[in-house]
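As structure tokens, the structure follows; a few thoughts come after it.
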Amino acid sequence: MSDHSAPLRQPYGRAYQQMLEQVRYEGAYPTREKAEEAVRLVLAGLGRQLTGDERVELAARLPVEAARILTGQIPGTQPLGGWAFVKDLAARSGASLATTRWDTGSVFSAVAAHAGPDLLTRILHQLPSGYALLFGRAELTQAA
């Protein structure tokens, strides 16, 4: 006799598992569950910021589970700069700014690997200033 009260849990695809392991390694998280919490928080936040072709192309390159988190968000009407993005995530999660900044960098490292350098450059051109550092890139500004 089967237990009908137990929720059905679909196993994650291999690509998403590998992404979680990459985030776990990059962020030195003690468990995969902690890494997944960071992935869900940061990808949802990015989904509220990213629009247009870059959003669609990034979703196509991410594992299906990660793409669903990203595209499950409605982009906000007010774009947030990099630091405001971290502060918003910290407020939503109740975590410290330092922890949230760490989570963001760990997840964005994996996102950058899936995006590739050309798409990442286009994403950074779309987003307000401050995101390049979160993705581990130098923040370049144009001379006046």
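Computed from a predicted structure; not experimentally measured.
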Polar side-chain atom of [X] near backbone of [Y] as donor-acceptor pair, under 3.5 Å:
X: Arg32; Y: Glu21; value: no
X: Glu26; Y: Ala110; value: no
X: Arg61; Y: Ala115; value: yes

Please examine the side chains of [Y] and [X], heavy atoms only from C-beta on, and report whether any two atoms are closer than 4.5 Å.
X: Val64; Y: Tyr12; value: no
X: Met19; Y: Leu43; value: yes
X: Leu120; Y: Val111; value: no

task: Provide the closest heavy-atom pair for Phe135 versus Leu124 in the form atom of the first, atom of the second, distance.
output: CD1-CD2, 3.6 Å

field: Least distance between heavy atoms, Ala138 atom then Leu133 atom
entry: CA-CD2, 4.5 Å

In terms of hydrophobic clustering (I, L, V, M, F, W, Y; side-chain heavy atoms under 4.5 Å; direct or indirect links), are [X] and [Y] co-clustered?
X: Leu50; Y: Leu119; value: yes
X: Trp102; Y: Leu97; value: yes
X: Tyr16; Y: Tyr25; value: no

task: Scan for ring-ring contact (aromatic ring centres under 6.0 Å, His included) pairs involving residues 54-76, sequence neighbours excluded, and state none if there are none.
output: none

- request: Mind jotting down which residue pairs meet the ring-ring contact (aromatic ring centres under 6.0 Å, His included) criterion with at least one end in residues 48-73? Sequence neighbours excluded, please.
  value: none

Separation between [atom1] of [X] and [atom2] of [Y], rounded to the nearest 0.5 Å:
X: Gln17; Y: Arg24; atom1: CD; atom2: CZ; value: 12.5 Å
X: Leu89; Y: Leu41; atom1: CG; atom2: CG; value: 4.5 Å
X: Leu20; Y: Lys34; atom1: CG; atom2: NZ; value: 14.5 Å
X: Arg55; Y: Thr51; atom1: CZ; atom2: OG1; value: 8.0 Å

message: Considering only residues two or more places apart or on different chains, which pairs with a residue in residues 107-117 satisfy salt bridge (Lys or Arg N to Asp or Glu O under 4.0 Å)?
response: none

field: salt bridge (Lys or Arg N to Asp or Glu O under 4.0 Å) contacts touching residues 93-107 (sequence neighbours left out)
entry: none

- prompt: Between Glu36 and Tyr29, is any side-chain donor less than 3.5 angstrom from a side-chain acceptor?
  reply: no

query: In chain order, what residues pass the salt bridge (Lys or Arg N to Asp or Glu O under 4.0 Å) check against Glu54, with sequence neighbours excluded?
result: Arg122

Output a table of donor-acceptor pairs, distance under 3.5 Å, between side-chain atoms of residues 71-84 and any protein atom two or more places apart or on a different chain; print 'none' if there are none.
residue : atom : partner : partner atom : Å
Thr71   : OG1  : Ala67   : O            : 2.8
Gln73   : OE1  : Arg48   : NH1          : 3.1

message: Using the ring-ring contact (aromatic ring centres under 6.0 Å, His included) criterion, which residues pair with Tyr131? Sequence neighbours excluded.
response: Phe85

- request: Please collect all side chain to side chain donor-acceptor pair (under 3.5 Å) contacts where either partner lies in residues 108-121, sequence neighbours excluded, each pair once.
  value: Thr121-Arg137

task: Only pairs at least two apart or in different chains count here, so list each side chain to side chain donor-acceptor pair (under 3.5 Å) that has a residue in residues 85-99.
output: Asp88-Arg92, Ser96-Thr99

task: Could you pull out all residues at least two apart from Arg68 that satisfy side chain to side chain donor-acceptor pair (under 3.5 Å)?
output: none

Worked verdict on Leu127 versus Leu46 for side chain to side chain contact (heavy atoms under 4.5 Å, CB included): CA-CA 10 Å; Leu127 295 170; Leu46 185 59; 4.3 Å; yes

